[in-house]
Amino acid sequence: MEKHTIPVEAGLLLAGTLFMLGLLSVLIRRNIIFMLISVEIMLNAAGLAFIVAGARWAQADGQVMFVFILTMAAAEVSVGLALILQIYHQLKTLDSDAANKMKG
Amino acid sequence: MIELLWLIPALPFTGAFILITMGTRLSRTLVSIIGAGTVGVAALVTILIGLEFLSSGTPSFNQVVWNWVSVGGLSLPFAFHFDALSLVFLFVITFVGFLIHIYSTEFMHDDPGFSRFFAYLNLFVCSMLILVLADNLVLMYLGWEGVGLCSYLLIGFWYEDKKNGDAARKAFIVTRVGDTAMAIGLFMLFDAFGTLNIQDILTRAPELWSTGSQAVTAVALLLLGGAVGKSAQLPLQTWLPDAMAGPSPVSALIHAATMVTAGVYLIARTHVLFELAPVAQQCVGVVGAITLLLAGFSALTQTDLKRVLAYSTISQIGYMFLALGVGAWSAAIFHFMIHAFFKALLFLGAGAVILLLHHEHDMFKMGGLKNKLPVIYWTFLIGSASLAAVPFITAGFYSKDAILWLTFAGEKGNIWFFLAALLGAFITSIYTFRMVFVTFFGVEKTHVSHHAGTAMTIPLVILAVLSLFGGFIELPHTMGHVELFSEYLSPVLPAVSLHEGAEHSEWTIQLIAIGLSLTGIYIAYFFYVKKPELADQVKQSLEGMHHVWLNGWGFDSLYDAILVRPFVFLATINKADVVDRFYSMIVWVSEQFNRVFAKAQGGILRWYVMGIVVGAILIITLGLLL
């Protein structure tokens, strides 16, 4: 059977679109948890780009990078959630604008 | 021995340095030893050098300590020039200074600023020594400014009281006016000679300038301006009476014996220039004559014990200026030396009286101290007798008599100078003995708290001895004709030449002077011991004059009206300070920028993310375009 590869451009385009969506979402959302989710989307989009590139050059490096990114995302989420818990404990709200002590 | 000349100013300087840096951590005894000891050792060195100098016969000695400024054509070494004139001043400064330091150890004993006082006093002695030892005019100017600074610091010593600070500032500002005139004179001298070395200028001046030329007259008048400021003569005499706000040892050292005689030293040192400018020399005499009368009349009305002495100092320095003005150089220096002795004595005695009467300054609240404070009374009496020139037994008689005689008989003397000096002598004995009778005789109005210790009494006794016997080194022709002092000074200061046929009238002049002095004493006795009511009556009938004399002839009000008020008016107009606006504007612009940029630090998380995004877009765009 003939191999039906997806063109690299499409994959990268998908990764880029996902990244932009995540970025827009971070900018729009006020709820900290949603901002964290959006950051996750951005991270996964970057990971997708790595996979696509790895498949293009038929090397395992892309997969390796994706594992790195996954690990890093997990660590980051645990730290982030811990911080969010603290903010919620102090401010009793999940509104990111509330964490503003600057008189500025 | 004479190579140790540099030690004389270096010792007080070391003392001042140690006391300034560590004085507050040292005990009172140690501070006294350092403070008085350095000046004492300097006095000892002066005496040893003096003895060697007198026996050696060399006219002068120069010593370069280090090279201070050497730029362009101007070379100013930190160098000392020592000759007969310097030795007289050195002796007075260190010896009288030492006695005053000893007196101060007891006088200032309870004062919290004890070490600060001795630090300033030592610094003053060092500056004055540099002034008289300097071999170039700029080094002399350094000493000149140094003594002005120390005078400011010491007059305002008790600075917590505002009026002391005001008096200190007044002294500094008024003498500054004179200092500026002197600086301009120095500029002109440098312009003419290319050097500021005193001896060089004095030898080259007669070659460069003819007698009476405009340039030398201008320079001489400017130097006179400087001398007038420091020596509190007309028109810059207003600071000295107010300077009595300082402690009495300060008044004794600075405002009687040393700093105020710096002007006399300057004119005597540069006498060649004054001889080349007869108009300027005449001005010196006129200033001296007028000042001695003005101050004498003011002294007649004062009630504050120290103010009488202050006006008396102004008057006596007027005598010295008068002597310089008629060319009687060594007579002026002789009077300076004797005056230093008896005026320091009077100030120290006054200080003791004031201290023992709980800081009572008003003479008319004293009285009856003759028997309560015998040592102080007798020494004060001897000092007053010297000031009033009581005949034959006091040194003051010989020095003042020399000046009186020379204003009459000297070549440049004239009848007006002589009459002024005569009237001045008469007034001097009146106000002096008025002071003695009111303070020491009569009924005791303020109680004596305790007695003075030896540290205060011994200097008084030593100065009293000098006031009596210091005059015997220069006796007039009619009374033994001893000319030790003027012969000693003759290599430096020329002798004064006399009118034709003037010698015959010497006895007459002396008799007139003796008569006036004794009459003055009797008048003071009559008005203040026998019939005090008459004194009040006279005062009431001459109320207007009395008021004018009491306020120093209104000079303070005059200067206030023509100088201070306009200046304050102009300063008030510029209160918002036009020039400062420019710099405030710069600050204002920075503050506006700050306000704008501070808005970027909103603390809102999403703005920060937006910032990152915008920045990323910009960089990628730039990366793609370029």
Side-chain angles (χ1 to χ4, degrees), chain A residues 9 12-13 15-47 49-50 53 69 72-73 76-77 79-104, chain B residues 21 24 156 159-162 165-166 169 567-626:
Chain A
E9 298 82 15
L12 285 178
L13 195 60
T17 312
L18 270 178
F19 188 82
M20 289 312 301
L21 280 176
L23 184 59
L24 274 171
S25 191
V26 169
L27 290 174
I28 290 174
R29 303 285 183 179
R30 272 175 85 157
N31 195 317
I32 302 185
I33 305 239
F34 278 119
M35 286 168 112
L36 201 56
I37 295 174
S38 314
V39 170
E40 281 303 304
I41 297 178
M42 288 163 74
L43 278 170
N44 277 297
F50 270 110
I69 292 179
M72 185 219 78
E76 177 222 326
V77 162
V79 171
L81 278 174
L83 286 172
I84 292 173
L85 272 176
Q86 274 302 311
I87 290 181
Y88 185 67
H89 191 58
Q90 294 257 333
L91 299 168
K92 303 283 182 278
T93 172
L94 282 176
D95 184 353
S96 69
D97 286 351
N100 174 20
K101 288 255 173 77
M102 304 198 79
K103 315 279 195 275
Chain B
T21 49
T24 44
Y159 54 84
E160 280 99 1
D161 187 351
K162 181 172 184 289
D166 289 343
R169 264 204 309 280
F567 182 74
V568 171
F569 174 67
L570 288 174
T572 329
I573 289 181
N574 198 24
K575 207 173 192 178
D577 204 353
V578 170
V579 178
D580 204 38
R581 278 294 183 99
F582 174 65
Y583 298 101
S584 333
M585 193 74 79
I586 296 181
V587 171
W588 182 82
V589 168
S590 302
E591 278 175 357
Q592 296 312 310
F593 272 114
N594 181 33
R595 260 192 337 129
V596 169
F597 287 130
K599 296 237 164 82
Q601 299 276 316
I604 298 182
L605 187 60
R606 298 177 296 138
W607 281 19
Y608 295 163
V609 181
M610 185 52 134
I612 297 176
V613 169
V614 168
I617 293 177
L618 276 174
I619 291 178
I620 294 174
T621 320
L622 285 175
L624 285 176
L625 282 179
L626 301 171

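Order of the sequence lines fixes the chain letters, A, B, ..., with proteins taken first and strands second; residue numbering starts at 1 for each chain.
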What heavy-atom pair brings R606(B) and M35(A) nearest, and what distance separates the two atoms?
CG-CE, 3.6 Å

Structural part of I32(A) lying under 4.5 Å from a heavy atom of chain B
neither

Heavy atoms under 4.5 Å from chain B: which residues of residues 79-91 of chain A carry them?
none

Separation between CD1 of I604(B) and CG of N100(A), rounded to the nearest 0.5 Å:
5.5 Å

How about OH on Y159(B), more than 12 heavy atoms from neighbouring residues, nucleotides or ligands closer than 6.0 Å, or not?
no

Taking only heavy atoms into account, what residues of residues 610-626 of chain B are found under 4.5 Å from chain A?
M610(B), V613(B)

Report, as yes or no, whether the 6.0 Å neighbourhood of atom NZ on K162(B) holds more than 12 heavy atoms from other residues, nucleotides or ligands.
no

For M20(A), enumerate each residue passing the side-chain contact (heavy atoms from CB on, under 4.5 Å) test, keeping only those at least two apart in sequence or located in another chain.
L23(A)

Of all residues at least two apart in sequence or in a different chain, which pass the side-chain contact (heavy atoms from CB on, under 4.5 Å) check with F593(B)?
V589(B), F597(B)

